[in-house]
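Indexing begins at 1, ligand by ligand and atom by atom, following the structure's order.
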Amino acid sequence: MSDMAWTRFGKKKDMPGGLWIKCESCGGMLFRKEFEQRHRVCGNCGYHFTLGARERIALTADPDSFEEHWRELEAYDVLGFVDKMPYGEKLKATAKKTGEHDAVVTGFARIKGMPCALGVMNFAFLGGSMGMVVGEKIARLCEAAAERRTPVVLFACSGGARMHEGAVSLMQMAKTCGALTRLDRAGVVSISVLTHPTTGGVTASFASVCDLTIAEPGALIGFAGPRVIATTIKKELPKGFQRSEFLLEKGQIDRIVARAEMRDELARLLAYATGGDPVAAFKKESAAPAEAEAAEGQASAPATGTEPALAAHDEKAAKTRARRKKKE
Ligand SMILES: [Zn+2]
């Protein structure tokens, strides 16, 4: 697998226009329509391409369940930073190009009826880099989740801290970890999903300190990139270095879950986390909403069986809260 693959993400080179695209990993030619239907997973080798935040939410959350929060937050040029263009201009241009204000989308959603706080990073926005807005949104999400006693699911996809914001971006590492610590103290579960690529300050902060760490297959996960490390230590790196499978073997992540199974797996874990029935959560409607929509053209139809499960979940949560209150 080429380590060049992720460095090219966000540029048009990896997704030439037309009917066919070339797989970054196996070099096979993929029919674009089929590739998009498979949610950007190679049909030949199973390579998981980077997925946009909105597409990820559509694939993961129950239809129409996502309620976005803090979309209005915008970064500003705190340093007067200029590379090819002033940072302020770059932010405006990127917002126009992507339709997003920054590199993470946050809010509350349901996954197969299970409520969760959801934060999804968007690599298309300045390489999914974490600056003041990403840090603030993740922190607010954790605070709101602690208040609501709702588990947090964070999808990471990032080149690291945003250098345009200097120390302010590095401070977000401490802030997000602090917010997750408070969430933990409140007894609320957090799940981190590492997707290709998750690197730098994001790997070194919130993405690595959740209760559970899941990764998509073949994702590059690390702090510095493999070539930087190889050049620094002047040694050949082991095969599969910094890939999900390697990290699972070393115990850095808890499990690998393919994109097609992610929704089922998250529902099951959320059910465990909230005292629901994981078996029931797993059995219910296994097709991802985006797939179901494509198949049946029912864009606004709610997931089958979602509401009764949610009612049961809410009832159980209310009972748990009452029990806790009694103990206090
Ligand atoms: Zn492939």
Side-chain angles (χ1 to χ4, degrees), residues 1-60 120-125 127-128 155-159 192-199 202-203 207 213-222 225-230 236-250 252-266 286-295:
M1 195 175 293
S2 162
D3 287 321
M4 282 300 287
W6 76 269
T7 60
R8 295 211 300 270
F9 273 101
K11 294 183 183 176
K12 281 183 178 166
K13 233 193 280 181
D14 68 305
M15 290 288 285
L19 288 173
W20 297 88
I21 61 155
K22 193 175 177 183
C23 175
E24 294 280 354
S25 177
C26 69
M29 293 307 287
L30 310 171
F31 187 43
R32 180 184 286 274
K33 199 176 165 193
E34 203 181 306
F35 171 70
E36 297 294 347
Q37 276 168 355
R38 294 174 65 94
H39 305 291
R40 298 172 62 87
V41 174
C42 173
N44 300 328
C45 70
Y47 179 72
H48 285 48
F49 283 68
T50 298
L51 195 66
R54 300 284 165 185
E55 198 180 348
R56 176 81 65 181
I57 292 166
L59 187 65
T60 311
V120 183
M121 297 196 79
N122 201 9
F123 200 80
F125 198 103
F155 280 89
C157 185
S158 175
S192 175
V193 185
L194 310 177
T195 71
H196 181 70
T198 298
T199 60
V202 167
T203 307
T213 310
I214 299 173
E216 281 195 333
L220 179 74
I221 299 156
R227 270 176 302 156
V228 173
I229 296 173
E236 202 180 315
L237 299 169
K239 201 168 173 279
F241 182 69
Q242 290 187 326
R243 296 288 171 181
S244 309
E245 295 72 14
F246 185 86
L247 297 174
L248 180 70
E249 203 186 298
K250 302 290 176 195
Q252 195 177 326
I253 60 171
D254 297 308
R255 63 182 63 175
I256 295 171
V257 180
R259 190 167 292 168
E261 276 111 50
M262 189 64 77
R263 180 171 146 80
D264 277 345
E265 186 66 13
L266 286 174
S286 63
E291 279 168 10
E293 278 168 28

Measure from the side-chain N and O atoms of Arg54 to the backbone N and O of Asn122, and report whether any donor-acceptor pair falls under 3.5 Å.
no

Is it true that a side-chain atom of Arg40 and a backbone atom of His48 form a donor plus acceptor pair closer than 3.5 Å?
no

Which residues pass the side chain to side chain contact (heavy atoms under 4.5 Å, CB included) test with [X], not counting sequence neighbours?
| X | value |
| --- | --- |
| Glu261 | Val257, Ala258 |
| Ala207 | Ala156, Ser192, Leu194, Thr198, Val202 |
| Lys250 | Phe246 |

Tell me how many protein N, O or S atoms are within a distance shorter than 2.8 Å of the Zn ion (ligand 1).
4

Please check if the distance between the ring centroids of Tyr47 and His196 is under 6.0 Å.
yes

